[in-house]
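All residue numbers refer to positions in the sequence shown, counting from 1. Because only heavy atoms are used, hydrogens play no part in the values below, and waters and symmetry mates are left out as well, while side chains stay in. Small disclaimer: the values here were computed from a predicted structure and weren't measured.
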Amino acid sequence: MKLVIAYIQPERLNAVKQALYRRDIFKMSVTNALGCGEQKGYSETYRGAQIEVNLLKKVRLEIAVNEDFVEPTIEGIIEGARTGRIGDGKIFVIRLEECIRIRTGERGQKAIG
């Protein structure tokens, strides 16, 4: 079992979800996040004051999958999120020790679904 975590541009979320749905990956958690990388933010003037914005809006996806779905998940995220510009995001894959479905008490691969 693996936990796939991806940080993507907010406007690419629907494209990523559609790419994952085509690969039969439907279960995911989505949260808003702030972050910066190579983009380093930008400066703007607000009411005459110079403001530096260095934390940009991102979306964090967390998807727990069985081994057979790791590569399709990564491919789907890349397909939906890639624009070819700086700031497309990052994907992290982490070994998942345990998964427990609260409703039934199932554990491991059965609990992921």
Glu97 meets the side-chain hydrogen bond (donor to acceptor under 3.5 Å, both in side chains) criterion, sequence neighbours left out, with Arg95

By side-chain hydrogen bond (donor to acceptor under 3.5 Å, both in side chains), Gln109 pairs with (sequence neighbours left out) none

Sorted by chain and number, sequence neighbours left out, side chain to side chain contact (heavy atoms under 4.5 Å, CB included) with Arg22 holds for Gln18, Ala19, Glu79

side-chain hydrogen bond (donor to acceptor under 3.5 Å, both in side chains) filter on Arg82, not counting sequence neighbours, yields none

Residues at least two apart in sequence or cross-chain that pass side chain to side chain contact (heavy atoms under 4.5 Å, CB included) with Thr31, listed by chain then number, are Arg60

* To do: Using atom types as modelled and distance alone, determine if a side-chain donor or acceptor of Gln9 lies under 3.5 Å from a backbone N or O of Lys58.
  => no

Contacts of Leu34 meeting side chain to side chain contact (heavy atoms under 4.5 Å, CB included) (sequence neighbours excluded), chain-then-number -> Leu55, Lys57

In short, salt bridge (Lys or Arg N to Asp or Glu O under 4.0 Å) pairs touching residues 64-75 with sequence neighbours left out are none

Ser29 meets the side-chain hydrogen bond (donor to acceptor under 3.5 Å, both in side chains) criterion, sequence neighbours left out, with none

Here the salt bridge (Lys or Arg N to Asp or Glu O under 4.0 Å) pairs for residues 4-19, sequence neighbours left out, are none

Using a 4.5 Å side-chain heavy-atom cut-off and chaining through intermediate ILVMFWY residues, the residues clustered with Ile112 come out as Met1, Leu3, Ile5, Tyr7, Phe92, Ile94, Leu96

For Leu20, the other hydrophobic cluster members (4.5 Å side-chain criterion, sorted by chain and number) are Val4, Ile8, Leu13, Val16, Tyr21, Ile25, Phe26, Met28, Val30, Val59, Leu61, Ile63, Val65, Phe69, Val70, Ile74, Ile77, Ile78, Ile91, Val93

